[in-house]
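First up is the structure itself, then whatever we jot down about it.
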Amino acid sequence: MKNFNLYGSSPVLLTDLYELTMAYGYWKTGVETKEAVFSLFFRELPFGGGYCIACGLELLCSVFESFRFGDDDCAYLRTLRGSDGLRMFDDRFIEYLSALRLTCDVDAIPEGTVVFPHEPLVRVSGPLLQCQIVESIVLNIVNFQTLIATKAARICQAAQGESVLEFGLRRAQGFDGALAASRASYIGGCAGTSNVLAGKLFGIPVKGTHAHSWVMSFDDELESFHAYARAMPNNCIFLVDTYDTLDGVRNAVEAGKWLRSHGHSMAGIRLDSGDFVSLSREARKILDSAGFTDAVIVGSNELDEYRISELKKQGARIAVWGVGTRLVTSHDYPALGGVYKLTAVRRPGEPWRYTVKLSEEAAKTTIPGIVQVRRYRSGDCFACDVMYDIGLGIDDRAAVMHRIDDGSACNIPEYGGSEDLLVPVLRNGELVYTIPSIGDIRARAGSQLSWLPDGIRRLSDPDEYPVGLEPELARLKEKLVHKAR
């Protein structure tokens, strides 16, 4: 597993201040070693879609393994002041943090798995202080990478098997956001990235040729294409819309003939502006009539799943889609909104006390317990997911689950197999999970999507995938809600 830390030390202070103030409060009141269970989940599917792709676990494992308060972290914490001007944390607490080593258990749904609202993507169990103090970074990693992997999967679905390249580095939210987006985009189905550091760190194929500035730096376009062909004969996709697009295609053909005469081939052309439908059709005719039937047409310029779908419906002859801003920034849905909630707590050796957070909205009332997710399959499709408490267990013969929104009972569809989704990742702070290669994670995402019914995968107005609670867990939740009120 690679260490993705780009800041030179453990990112232990990449947290919200209230995590540290709560940790201090736990320590001061002597409850820091209480055992707790927290679950990370989201309540609403992004993009008006029917699914999400879980992502971010590998980086999360790296963070957990390197989680240390170094001397410089402790020195900084000594400088923090409260509203009275006095130090916020005393030296004994800072010494406690400097010696802290995570001893949590972590269970998680593997990256590349399709997931749905209210399901725990990550479950953290262990000393209350430790579980609390990792909240912000766990949410930061999983929320963003899950969102971008999902967006990438939708864009690749719209491309209908044609290659999608991630070109978002220059518009991403910081260089670390760009790296996370490149990784998540590849897992979601993109064929490559323009981000060279992401290629190095994660083993993602890197793609790219030249920009308008290359063409403009020469006296004329044809000269620029010939110069590029001489410099990079094995990487020639010519950007043809600097001046006049169709003249640019003809100039690319001339450069392509030179390449062919020297034993090379023109890979294709790129359109970055204009009417993609008419221009790509005309460009295809020019290329084909000149004998460059294998040259691809790449399209780039504010693309997303909706625009790609529309262009394909209108007959655009684009075979490779370069998608940047609207992918890496998740332009139309900027945050997943995952939350990290306490679901059980106890003093060591005592029974668990299950907890709920109430809300006027039924869907926002949390699910208590130490929750696992069982996924049922029917034929060649996923049928439904049922959440259950590992202490209460689950009876597959019950064939009933309770909806999360209103608690009503419904039947589990007939199924031919099942699996539990959360797997052990850390035990007592030690990694017990074998991190798959990024290629294997990407392949898992593709396979998982193929198991979803077509109605769930629709880009707009999808069917709702059935997710519910096992009956005993539903009754426990109802009991705790009634007691809390």
Side-chain angles (χ1 to χ4, degrees), residues 155-156 158-170 186 190-196 199 204-303 307-308 311-312 314-324 327:
I155 291 170
C156 292
Q160 299 177 18
E162 294 170 344
S163 290
V164 175
L165 305 176
E166 179 268 305
F167 284 171
L169 171 59
R170 61 192 61 196
Y186 186 65
C190 289
T193 179
S194 65
N195 187 336
V196 179
I204 303 171
V206 291
K207 304 290 183 179
T209 54
H210 69 78
H212 295 108
S213 55
W214 173 269
V215 178
M216 295 162 64
S217 68
F218 290 84
D219 290 339
D220 65 62
E221 185 176 64
L222 182 57
E223 179 188 356
S224 76
F225 288 173
H226 277 299
Y228 194 82
R230 290 191 296 270
M232 297 287 294
N234 62 349
N235 192 45
C236 282
I237 292 181
F238 298 111
L239 179 57
V240 297
D241 69 339
T242 305
Y243 305 119
D244 179 275
T245 299
L246 296 182
D247 282 346
V249 178
R250 297 181 186 98
N251 285 331
V253 165
E254 292 304 310
K257 291 176 180 176
W258 182 90
L259 283 166
R260 183 177 287 168
S261 70
H262 288 75
H264 303 287
S265 61
M266 176 175 64
I269 63 167
R270 178 160 70 98
L271 305 176
D272 193 53
S273 61
D275 183 340
F276 275 10
V277 177
S278 62
L279 289 174
S280 65
R281 286 174 172 172
E282 291 303 313
R284 187 73 267 164
K285 291 177 184 177
I286 294 169
L287 292 170
D288 290 349
S289 64
F292 293 97
T293 56
D294 292 335
V296 299
I297 300 176
V298 181
S300 60
N301 184 26
E302 300 300 322
L303 297 173
R307 181 136 191 256
I308 290 173
L311 289 169
K312 290 185 71 65
Q314 294 177 19
R317 299 297 303 277
I318 294 170
V320 178
W321 305 87
V323 185
L327 169 54

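Position 1 is the first residue of the sequence, and the numbers go up from there.
- Nearest heavy-atom pair across A283 and L246 is N-CD2, 4.2 Å.
- Taking every heavy atom of both residues into account, V164 and A159 meet most closely at CG2-CB, 3.7 Å.
- Residues passing the side chain to side chain donor-acceptor pair (under 3.5 Å) test with R170: none are found, sequence neighbours excluded.
- By the side-chain contact (heavy atoms from CB on, under 4.5 Å) test, K257 pairs with V253, E254, F292, sequence neighbours left out.
- More than 12 heavy atoms of other shown residues, nucleotides or ligands fall within 6.0 angstrom of atom CG in D247.
- The two residues C190 and L327 come nearest to each other via the heavy atoms SG-CD2, 3.9 Å.
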Check your understanding: Would V323 and E166 count as a side chain to side chain contact (heavy atoms under 4.5 Å, CB included) if you check the C-alpha gap in whole Å, the side-chain angles of each, and the deciding distance to 0.1 Å?
Key -> CA-CA 5 Å; V323 185; E166 179 268 305; over 6 Å; no
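- Not counting sequence neighbours, the partners of F218 by the ring-ring contact (aromatic ring centres under 6.0 Å, His included) test are W214.
- Within a 6.0 Å sphere centred on CG of D219, other residues, nucleotides and ligands contribute 12 heavy atoms or fewer.
- Listed by chain and number, the residues in a side-chain contact (heavy atoms from CB on, under 4.5 Å) with K207 are L165, P205 (sequence neighbours excluded).
- Residues satisfying the side-chain contact (heavy atoms from CB on, under 4.5 Å) criterion with T242, sequence neighbours excluded, are H212, V215, M216, E221.
- A pairwise comparison of heavy atoms in V296 and A319 identifies CB-CB, 4.4 Å as the closest pair.
- Annotation: salt bridge (Lys or Arg N to Asp or Glu O under 4.0 Å) contacts involving residues 225-241, sequence neighbours excluded, are absent.
- Side-chain contact between V320 and I297 is absent, with no heavy atoms from C-beta onward closer than 4.5 Å.
- Summarising the geometry, atom CG belonging to L311 is positioned 7.0 Å from atom CG belonging to L303; distances are rounded to the nearest 0.5 Å.
- Distance CD1/I318 to OG/S163: 13.5 Å, rounded to 0.5 Å.
- Scanning both residues, G248 and F225, for their nearest heavy atoms gives O-CE1, 3.4 Å.
- Taking every heavy atom of both residues into account, C236 and T209 meet most closely at C-CG2, 4.5 Å.
- In this structure, R250 CZ and I286 CD1 are separated by 4.0 Å, a value rounded to the nearest 0.5 Å.
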Sequence neighbours excluded and cut-off under 3.5 Å, please list the side-chain donor-acceptor pairs for residues 259-272, or say none.
residue, atom, partner, partner atom, Å
R260, NH2, G291, O, 3.1
S261, OG, W258, O, 2.7
H262, ND1, W258, O, 3.0
R270, NH1, S300, OG, 2.8
R270, NH2, H210, O, 3.3
D272, OD1, S300, OG, 2.8

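- Partners of D220 by salt bridge (Lys or Arg N to Asp or Glu O under 4.0 Å), not counting sequence neighbours: none found.
- Note: E302 CD to S273 OG = 12.0 Å, rounded to the nearest 0.5 Å.
- With values rounded to the nearest 0.5 angstrom, Q160 atom CD is found 9.5 Å from W321 atom CH2.
- With sequence neighbours left out, D244 forms a salt bridge (Lys or Arg N to Asp or Glu O under 4.0 Å) with no residue at all.
- Remark: R284 pairs with D288 by the salt bridge (Lys or Arg N to Asp or Glu O under 4.0 Å) rule, at least two apart or across chains.
- Side-chain atoms of V249 and F238, non-hydrogen and from C-beta on, never get closer than 4.5 Å to each other.
- For R281, the side-chain contact (heavy atoms from CB on, under 4.5 Å) criterion is met by V277, R317, not counting sequence neighbours.
- Q314 meets the side chain to side chain donor-acceptor pair (under 3.5 Å) test with E310; sequence neighbours excluded.
- To the nearest 0.5 Å, atoms CG (L279) and OG1 (T245) are separated by 5.0 Å.
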